[in-house]
Structures are given as structure tokens and as C-alpha cells.
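To keep things clear, I will list the structure first and then write my remarks on it.
In the text below, chain A, chain B and the rest are named by the order of the sequence lines, each starting its count at 1.
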Amino acid sequence: MCDRSSTEIAAFSRSPTDCRPSDFLMHDIRLLRDQLDRLRDGMRRRKKLGELAPLLDRAEELERDRRSAITELEAQQAQRNRLTQEVGERRKAGLEATDLIAAGRAVGDVIAALEHRKSSAEAAVQALVYELPNLTFDEVPEGGDEANRIMRAWGAPRPDGSLIKPHWEIGERLGLLDLTRGAKISGSGFIVYRGIGARLVRGLMNMMLDIHTVEHGYEECSVPLVVNRASMTGTGQLPKFADDMYHINEEDLFLIPTSEVPLTNLYRDEILDATELPKSFCAFTPCFRREAGAAGKDTRGLLRVHEFDKVELVKYTTPESSLTELELLTSHAEVILQRLELPYRVLLLAAGDTGFASAKTYDLEVFAPGVGKWLEVSSCSVMSDFQARRANIRYRPAPGEKPRFLHTLNGSALAFSRIIASLLEHGQQADGSVRVPEALQSYIGCSTLR
RNA sequence: GGCGUGGUGGCCGAGUGGUUUAAGGCAGCGGUCUUGAAAACCGCCGAACCUGAAAGGGUUCCGUGAGUUCGAAUCUCACCUACGCCGCCA
């Protein structure tokens, strides 16, 4: 078991609106000199070592140069401090100081050059470190998605799957999906829900939020859908995944790909009290994804779209309790699937299939008989201190003690479009109508979609 | 959008070019006193980085960045942000 308290790689902007190389918490870059082997092993477990090994070597070299620049720079700064202090003393005594001023000017030139060298090295190290994914926990299987592990399953896919139509057919026939007009007004991958379809969205939102707030104790938040660069960097979407996001040029703002971003950045640059932890939040928001590079994949229906709704869960915990909290958070997502009577399975993702910022992830998959696939409807992750470092979120274990980075977790509970696809396909009846699960009936006011 | 005023450590707050090495207070921690507590008094008390086996030494940080200067919390410019007034607006 690895030390979860102060391990993960990272780097970190602390400015509210910007991310400049000169303003980083650098100390965990020590991993580059102290624990290079651990970093290498982490990348190997993700099957990324071939790709990232040269980057690690380069980063280590730059880090050495950064430190030597700092050492020289600080010696020169100390020299300058002595000179300027003496200038002050001579002035006070009414004496000339032209020689000291000349010397000071010379030292100033040296300092300027060293500062430039330091900030170049720092920016370069930073850029490389930003490309390194989180280290996964030891219990995460090595390898790619072939090594994913099915942990448990709930319910059973219906036996008559071959008779089931895909959700887009049933949805359009019942008039609750209008894919053609969605494409007309915005583009392919933008959905119009109509009539009972729109009411289904609203009902799912209320049902999920009610369960998480009332039964599971999450604080509900209504958050901005547009966030700044520092927030996107804090949770790890930037700089590596810039192409996946919609960007507003004039203001340099981004449309959120998930409400994990605003919820996790709520406490950016803050120090929480240990007694406040764990903190649990949920939010309903649309999520925007460009899906660049996914052209031609799952183009029909609701499986891969540019805008979808989601209820997200986010937790802030101590390093000691984050794994327990992951199990809890995952179970909270499962509750929704059980209430919706959708058969699902829980996968522990292998290291190579685990997301960039995550240390351990469970995926929840629902079987959709119409398209004949398991659909990923939730991804529940513990990010260890990867995001906390980037976003500078700490907690004080006890009064008077040093602040430590906390752990963040998040999970979808759940993503709507695939859930709607699953509901339509799983609930299909012989006459083409769709049965509504009991827990949802009061939210949408009927027991059958027809 | 226009004009104006602010942004200083966990909090409040002084500070307009050179012992600021950031005053003072509150909170916190330790101690003296006390049967105990309170009060009073004394001491400690920000973050990060570099160096070092350690002890220690050094550097940076006053919203952010860029300038001016031998020297910037302090002067200049831009930006962010909060508040006030005016304009516009659901």
C-alpha cells in the first residue's frame, strides 16, 4: 500500500485567474529527484512508460537546472541585500555611495539573467509535469482495459434483448426525442427532448437530487456552467485536454465538461478545518464535451453527445478516509440505478483505463439491450491529492499543525442521456410503450410512456 | 460600459522609497500563579522554496503581472477582484 498522504505528482496554480510558472507550489516536484522510480513504475502500470519515460528524464534534468539556478540566484540576492543596506547606511551618514550603486547595478544584471534562467526551467518542468497522470493506488490492476475487473453485478439483462429496438427509434416514435431538430439548431450531438421526454429529464433531476440530499446527506449546489482557466487547471482538464472543451475566447472561459470542476474548485486556495471533513456536494448541471477525435463513434442516438445533463457527487476527505469514502460514494450512485431498476455491473478499472487525474476508479455500466452494449453511466473516482495539489486545497489536521493536502473524490450519479437510453431500451414493452420504474412514476406523473 | 474608493499573515489592522527583519491587537500553543478554572503576567506563534547528515544558513511572498530604482508593501502601467454612484438590462 502506498503512502497516500504526500505522494502524487502534480503542479499547481494558485492564482485565481491565471496559472503562471512563477506561482507554483513546487515542493512535490521533489518526486522527480527522490522517487523517480515510483513515477516510472506508476507510468508503467498505466502502460504509458514508453511514451512518458523520455519526458521524465527531461523533467529530471530541467529540475536539476532549476535548482542550480535558484541556488545561484539566492546567493546573488543576498549579496544585493548587503549592498543596498550599506547604501542606506552611507546615505544616512551623509557619505557618497557611487561605488556601491555601481556594484549593485552589476549584481542586478546578474540577478535578472538568473531569474530568467530559473523561470524558464520552472515553466519547462511545469509543462512536463502537467502531462503526467496521477499514480494509481496499489490495488488497481496493472495494464489496459483488458485487465478491468468486474467487482459485482446487480439485476440481470432481460432475456429477450434481440427483440428490443434501439432507444432512438422508440424515443422518436413516442415523440420524446427530436434528434433532427437538435442537429438543425445546434449540430449533431445536441438533443431536443420534447413533451414527456423533457418531463423525464426534469423528473430524473429531482429524483436523483432528492435521494442524494435527503437520504445520503449531500449539500446541493447550483454552480456556474462556465469557469476560468485556473479552475480547469486545478481539476486536471487543462492543459492536456484543452481540445476536448468548448472555449469562450473573449473572456478566456470554458464550458464545464462536468460539475466536478466547479464543485472541486469551490475550495481552491483554501485551508479547511479537519472537523469539517468529509464534505459532500451534489449538483445538477449540463455537461459540454467537444468529443474531438471521436468522430464516427456512437453517432446515433444518445450514447455520445456534446451536451448532456448529469447529477454529480463530489467529496473532500482526509487521506486516511478517502478509500472508504469511495466505496460509499459508489454505493450512492448504485442506489439510483437500483431505484431505476436497471441491471448494472461495477468495474474496477485497470491502471491504463483509469482517468488522467484518478488514483482509483469504479465504472458503473448498464446493459442496453437495444444497442446490445454495456453503457458507462457513472465513473466514481478518488483523485488522491492530485487535484488538491493542483488546486491548492488543504486542511489543518489539528489546531497549530501544518496544513496538508486533502483528497478529492467525484462520481456521476448519474449521467442522464445514457440513463434515458437505458430506460427506453430496458423498459420497452411489446406494444412499443415503455414502462416507467416505480420510483420515477411520481416524478413524471405516469407509469407508462406511450 | 463610465467614474470613484479599496485589496497587507488564520482574522482585524498600522504602514507613501532605506533597522519592515511587516507595528499593534484578536484567535491559537506553552508556561507562571491557582484546589480547578478564569483573569493577570511571561514566552512562542504565517506560507513556500534553496542549501545542509543535522544544527543552522539563505531567498521569496503585502490581489496578479510587467516596469522605474543600488533598493519597492510604498512610485508607474495593465489586469483581476470587492464596494459605491451613474448608464444599460432579465
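- An OP1 or OP2 oxygen of B/C50 is reached within less than 4.0 angstrom by no side-chain nitrogen or oxygen of A/R67.
- Side-chain contact annotation: A/R66 with A/S120, donor-acceptor N/O pair under 3.5 Å absent.
- Here the separation of B/A48 from B/G43, taken at their C1' atoms, is 26 Å to the nearest Å.
- The side chain of A/T71 has B/U51 as its nearest neighbour among B/G71, B/U59, B/U51.
- Of the candidate nucleotides B/C50, B/C70, B/U59, B/U59 has the atom lying nearest to any side-chain atom of A/N81.
- A/N228 places its CG atom 18 Å from the P atom of B/C79, with the value rounded to the nearest Å.
- Both distances falling under 3.5 Å, in either a Watson-Crick or a G-U wobble arrangement, place B/A40 opposite B/U32.
- Nucleotides B/G9 and B/C61 are separated by 10 Å at their C1' atoms, to the nearest Å.
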**OP:** Report the C-alpha separation of A/F308 and A/F288 in whole Å, then their side-chain angles, then the decisive distance to 0.1 Å, and conclude whether the ring-ring contact (aromatic ring centres under 6.0 Å, His included) test is met.
**Re:** CA-CA 7 Å; A/F308 63 95; A/F288 302 93; 9.0 Å; no
**OP:** Go through A/L323 and A/F137 one step at a time and tell me if the side chain to side chain contact (heavy atoms under 4.5 Å, CB included) criterion holds.
**Re:** CA-CA 10 Å; A/L323 272 182; A/F137 287 148; 3.9 Å; yes
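- Distance noted for atom C1' between B/C88 and B/A14: 41 Å (whole Å).
- Atom CD in A/Q77 sits about 19 Å away from atom P in B/A48, given to the nearest Å.
- Across all strands shown, B/U19 has no partner, as no Watson-Crick or G-U wobble contact with both distances under 3.5 Å is found.
- Put simply, A/R66 has a side-chain N or O that comes within less than 4.0 Å of OP1 or OP2 on B/C50.
- Projected onto RNA chain B by closest heavy-atom contact, A/A75 and A/G104 fall at different nucleotides, the more 5' of which corresponds to A/A75.
- Between the side chain of A/Q85 and the base of B/G18, no donor-acceptor pair under 3.5 Å is found.
- The CD atom of A/E72 sits 16 Å away from the P atom of B/U60 (whole-angstrom rounding).
- Rounded to whole Å, the separation between the P atoms of B/U21 and B/C11 comes to 23 Å.
- We find that CD of A/Q79 is positioned 11 Å from P of B/U59, with the value rounded to whole Å.
- Side-chain contact check for A/T408 and A/Q387: at least one donor-acceptor pair (N or O, by modelled atom type) lies under 3.5 Å.
- Both distances falling under 3.5 Å, in either a Watson-Crick or a G-U wobble arrangement, occur for no nucleotide opposite B/C62.
- Put simply, CZ on A/R80 is 6 Å from P on B/A72, counting in whole angstrom units.
- Pair assignment for B/C11 gives B/G25, based on Watson-Crick or G-U wobble hydrogen-bonding distances that are each under 3.5 Å.
- The separation of B/G46 from B/G24, taken at their P atoms, amounts to 14 Å, rounded to a whole angstrom.
- We find that CG of A/L83 is positioned 13 Å from P of B/U59, with the value rounded to whole Å.
- A side-chain donor from one of A/D210 and A/Y443 sits under 3.5 Å from a side-chain acceptor of the other.
- Under the Watson-Crick or G-U wobble criterion, with both distances below 3.5 Å, B/G67 is paired with B/C75.
- Taking atom C1' on both nucleotides, B/G65 is separated from B/G28 by 35 Å, rounded to a whole Å.
- Pairing for B/G4 goes to B/C83, judged as Watson-Crick or G-U wobble with the two contacts each under 3.5 Å.
- Between A/R91 and A/L73, it is A/R91 whose nearest contact on RNA chain B lies nearer the 5' terminus.
- The side chain of A/R394 approaches B/A48 more closely than any other nucleotide in the set B/C70, B/A48, B/G58.
- Contact check on A/R44 versus A/E142 returns a salt bridge, with a Lys/Arg side-chain nitrogen under 4.0 Å from an Asp/Glu carboxylate oxygen.
- By the 30° and 60° cut-offs, the orientation of the rings of A/Y246 relative to A/F190 is tilted.
- B/A48 atom P lies 11 Å from atom CZ of A/R389, rounded to whole Å.
- Between the C1' atom of B/U81 and the CZ atom of A/R268 lies a distance of 13 Å, rounded to the nearest Å.
- Figure legend. B/G56 is base-paired to B/U51; pairs are counted as Watson-Crick or G-U wobble with both atom distances under 3.5 Å.
- Using atom P as the reference point in both B/A40 and B/G25, the two lie 13 Å apart (nearest Å).
- Here, B/G17 and B/G84 have their P atoms 32 Å apart, quoted to the whole Å.
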